[in-house]
Amino acid sequence: MSLSTQPYKGVRDFYPEDMRVQNYIYGVWARVCEQYGYEQYSASVLEYAEIYEAKSGQEIVDNEMYTLVDKGDRRVALRPEMTPTVSRMVAGRRQELAYPVRWYSIPNLLRYERPQRGRLREHWQLNVDIFGVSDTAADHEIISVSDTIMQAFGAKRSMYEIQVNSRRFINFVLLEYLGLDSVEAHTISKLIDKMKKMDRSEFTASIEAAINPTLREAGIPAKLLTLLDGNGIESLPDDLRNSEPFHEITTLMGLLGASGITNARFDICLMRGFDYYTGIVFEVSDLDPENNRAMFGGGRYDGLVGMFGVEPVPTVGFGQGDVTMRLFLETHGLLPAQKPETELYVALIGDLYLKVQPLLAELRIEGLNCAVDMGNRKLDKQMKTAEKKGVHYVLFVGEDELASQQYKLRNLKTGEEKVLSSARLVSTIKDIRGK
RNA sequence: GCGAACUUAGCUCAGUUGGUUAGAGCGCCGGGUUGUGGUUCCGGAGGUCGUGGGUUCGAUCCCCAUAGUUCGCCCCA
């Protein structure tokens with residue numbers, strides 16, 4: 001039987017050219033996070049299955065989680081998200097950490113799903129969280145980080161939009177303002193979440209069906225629909241706009257405006273999938289009609305750390321997946337060409353593998369990444385290899401060059417050749433690096 | 001988990017209304033005599049037509065199953 005060369009369903013192989021793109025994305029993520037003072041952490045892909053059962057969306061736990069039983073009968077999961085892990089880690093050291101704790105990580109996450117465009121079974125997801133701050137400033141900083149990341153990737157404000165809402169506000173609207181009970185409110189919030197995908201009559205009917213007859217006759221469904229159809233803060237009734245739960249939205253929008261984030265807007269229909277959000281939620285969407293989708297998002301989840309039996313720690317965070325980010329960059333032509341790490345390919349004229357070693361060592365100590373050809377091959381083959389690898393420079397080394405210590409350097413892009421000493425060679429390539 | 005489309009060479013795809021040795025372009029390998037690639041010329045390798053069954057004298061083509069990919073639902077990054 002011959003083995004398949006395909007990777008497991010829904011996961012990717014990263015060949016060197018793919019890895020360059022991944023590293024570019026990870027690099028932008030890490031740089032922006034560190035600019036804001038976030039520190040990197042990591043953890044194992046294996047977790048006790050229980051920690052997801054308390055708080056992740058039930059759908060994920062029931063149908064999409066990779067679980068196994070180990071030899072000690074422990075129920076183990078391959079993590080489907082990072083938030084429970086980081087909450088566990090913070091809970092474990094809650095007394096010794098210096099708050100506010102600002103942490104980021106780029107873990108791989110696994111979910112047993114049907115693979116589709118922008119959605120695989122394994123992806124790498126930037127997770128950025130700030131712990132210990134109840135103030136809206138933390139919500140503002142988290143959204144600023146995600147916006148700065150978009151800017152760092154070269155996105156224009158016309159390419160994406162940031163929707164903002166608040167779970168606390170939505171609960172106030174559904175429970176206090178409309179008078180629903182908590183079961184109805186939960187059903188309604190799930191319906192609102194998929195409103196844009198349903199057709200209008202189906203949505204209206206579902207809303208009516210989810211509300212008890214007394215309230216239905218009191219005109220509550222119509223009141224709700226009017227709210228949902230409203231556009232932005234201005235269309236909200238005064239008693240909602242002036243309500244206490246809405247204050248944090250007003251404050252947050254003010255902070256975002258002051259930061260020059262002009263493409264943020266309040267959206268009463270934004271819900272987010274996870275049940276653990278307790279306050280502000282936000283989502284970043286691609287505005288390109290070719291790729292019109294929610295790319296990533298996050299929000300406040302003040303209750304999660306407390307699930308580990310300790311005092312609660314207020315938290316805001318977001319997660320951004322590599323697959324959707326890459327789709328965004330490709331859709332908008334923002335992915336820069338990636339250069340290979342190897343800068344110099346050393347072609348040997350004659351059986352000089354041993355004799356060239358001192359030169360290679362010198363070049364490497366000086367900081368050049370150089371690969372040497374092997375097997376005493378014909379020169380045209382050696383050059384073809386360099387060209388195919390995308391290496392920009394070839395250095396020709398034969399007996400004469402080793403004797404004179406003057407080497408011929410060829411720029412494969414331009415065809416230009418120079419005869420240089422090793423020191424000049426190093427400075428020549430270093431000069432061009434930045435360009 | 002549900003519905004649909006697709007799967008022919010390394011890649012992108014033709015093709016056979018079921019019939020002897022299945023094609024193209026690009027790529028790959030070798031050569032054009034010994035120190036120069038990306039252009040050009042010559043030659044070559046490579047496919048049990050996704051896999052497993054069935055129908056048939058005969059299947060890459062028809063039927064069934066299965067795997068993978070893609071699209072939608074669900075859910076979400």
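Just so it is clear, the values below take in all heavy atoms, side chains as well, and ignore hydrogens, waters and symmetry mates. All chains are named by letter (A, B, ...) in the order of the sequence lines, taking the proteins before the strands, and each is independently numbered beginning at 1.
The ring-ring contact (aromatic ring centres under 6.0 Å, His included) test applied to A:Tyr41 returns A:Trp103, not counting sequence neighbours. Not counting sequence neighbours, the partners of A:Glu283 by the side chain to side chain donor-acceptor pair (under 3.5 Å) test are A:Arg272. For A:Tyr24, the ring-ring contact (aromatic ring centres under 6.0 Å, His included) partners two or more places apart in sequence, or in a different chain, are A:Phe153. With sequence neighbours left out, A:Tyr48 forms a ring-ring contact (aromatic ring centres under 6.0 Å, His included) with no residue at all. Listed by chain and number, the residues in a side chain to side chain donor-acceptor pair (under 3.5 Å) with A:Asn108 are A:Arg79, A:Glu122 (sequence neighbours excluded). Every residue was checked against the ring-ring contact (aromatic ring centres under 6.0 Å, His included) condition with A:Tyr36, not counting sequence neighbours, and none meets it. Take A:Glu401 and apply the side chain to side chain donor-acceptor pair (under 3.5 Å) test, not counting sequence neighbours, and it matches no residue.
Here the separation of B:G47 from B:U12, taken at their C1' atoms, is 16 Å to the nearest Å. Using P as the reference atom, B:C73 and B:G10 are 35 Å apart when rounded to the nearest Å. To the nearest whole angstrom, the two C1' atoms, one in B:A9 and one in B:G46, are 6 Å apart. For the P atom pair drawn from B:C76 and B:A4, the interatomic distance equals 25 Å after rounding to whole Å.
Nearest-nucleotide positions on RNA chain B place A:Tyr112 closer to the 5' end than the other of A:Tyr112 and A:Glu122.
Put simply, CG on A:Asp380 is 11 Å from P on B:U33, counting in whole angstrom units. Note: NZ (A:Lys413) to C1' (B:U36) measures 16 Å, nearest angstrom. Taking atom CG of A:Leu110 as the reference point, atom C1' of B:C75 lies 16 Å away to the nearest angstrom. The CE atom of A:Met383 sits 13 Å away from the P atom of B:U39 (whole-angstrom rounding).
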Seminar exercise, completed: Base-pair string, RNA chain B, Watson-Crick plus G-U, cut-off 3.5 Å on both distances, | for inter-strand, is (((((((..((((.....[...)))).((((.........)))).....(((((..]....))))))))))))....

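Side-chain proximity of A:Ile349 to B:G35, B:A4, B:A77: nearest is B:G35. Comparing atom distances between the A:Phe296 side chain and each of B:A77, B:C2, B:C75 picks out B:A77 as nearest. Distance from the side chain of A:Glu387 is smallest to B:G38 among B:A77, B:G38, B:U36. Distance from the side chain of A:Asp400 is smallest to B:G35 among B:A77, B:U36, B:G35. Nearest nucleotide to the A:Arg410 side chain, out of B:U70, B:U36, B:C71: B:U36. Relative to the side chain of A:His123, the nucleotides B:U70, B:U36, B:A77 differ in distance, and B:A77 lies closest. Here B:A77 is the nucleotide among B:G35, B:A77, B:C71 with the atom lying nearest to any side-chain atom of A:Glu113.
Judged by distance alone, with hydrogens and angles left aside, A:Glu401 brings a side-chain donor or acceptor within reach of the base of B:G35, the pair sitting under 3.5 Å. Below the 3.5 angstrom threshold, one finds a donor paired with an acceptor across the side chain of A:Arg119 and the base of B:C75.
Looking at heavy-atom distances under 4.0 Å, A:Gly297 makes no contact with the nucleic acid at all. Across all strands shown, A:Leu109 has no heavy atoms under 4.0 Å from either base or sugar-phosphate atoms. Among the atoms of the strands shown, none is found under 4.0 Å from any heavy atom of A:Gly350. Within the 4.0 angstrom heavy-atom criterion, only backbone atoms of the sugar-phosphate kind lie near A:Gln125; the bases stay farther away. Using a 4.0 Å heavy-atom cutoff across all strands shown, A:Arg114 reaches at least one base atom of the nucleic acid.
Salt bridge annotation for A:Arg74-A:Asp70: present, with a cationic side-chain nitrogen under 4.0 angstrom from a carboxylate oxygen. Taking the charged nitrogens against the carboxylate oxygens, A:Asp431 and A:Arg424 have no contact shorter than 4.0 Å, which rules out a salt bridge.
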What does the list of N/O pairs under 3.5 Å between the protein and nucleotides 28-31 of chain B look like, with a distance for each?
from, atom 1, to, atom 2, distance (Å)
B:C28, OP1, A:Lys388, NZ, 3.4
B:G30, OP2, A:Lys381, NZ, 3.3

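Taking the six-membered ring where the residue is Trp, the centroids of A:Tyr345 and A:Phe396 are separated by 6.0 Å or more.
In the region residues 9-32 of chain A, proximity to RNA chain B at under 4.0 angstrom, judged on heavy atoms, holds for A:Lys9, A:Gly10.
Pairs of residues two or more places apart, or lying in two chains, that qualify as salt bridge (Lys or Arg N to Asp or Glu O under 4.0 Å) and include a residue from residues 134-162 of chain A are A:Arg102-A:Glu141, A:Asp139-A:Arg300, A:Asp147-A:Arg157, A:Glu161-A:Arg265.
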If you look only at distance, which donor and acceptor atoms sit under 3.5 Å apart when one is on a side chain in residues 351-360 of chain A and the other is two or more places apart or in another chain?
from, atom 1, to, atom 2, distance (Å)
A:Gln357, NE2, A:Tyr353, O, 3.0

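The shortest non-hydrogen separation linking A:Asp373 to A:Leu348 is O-CD1, 3.7 Å.
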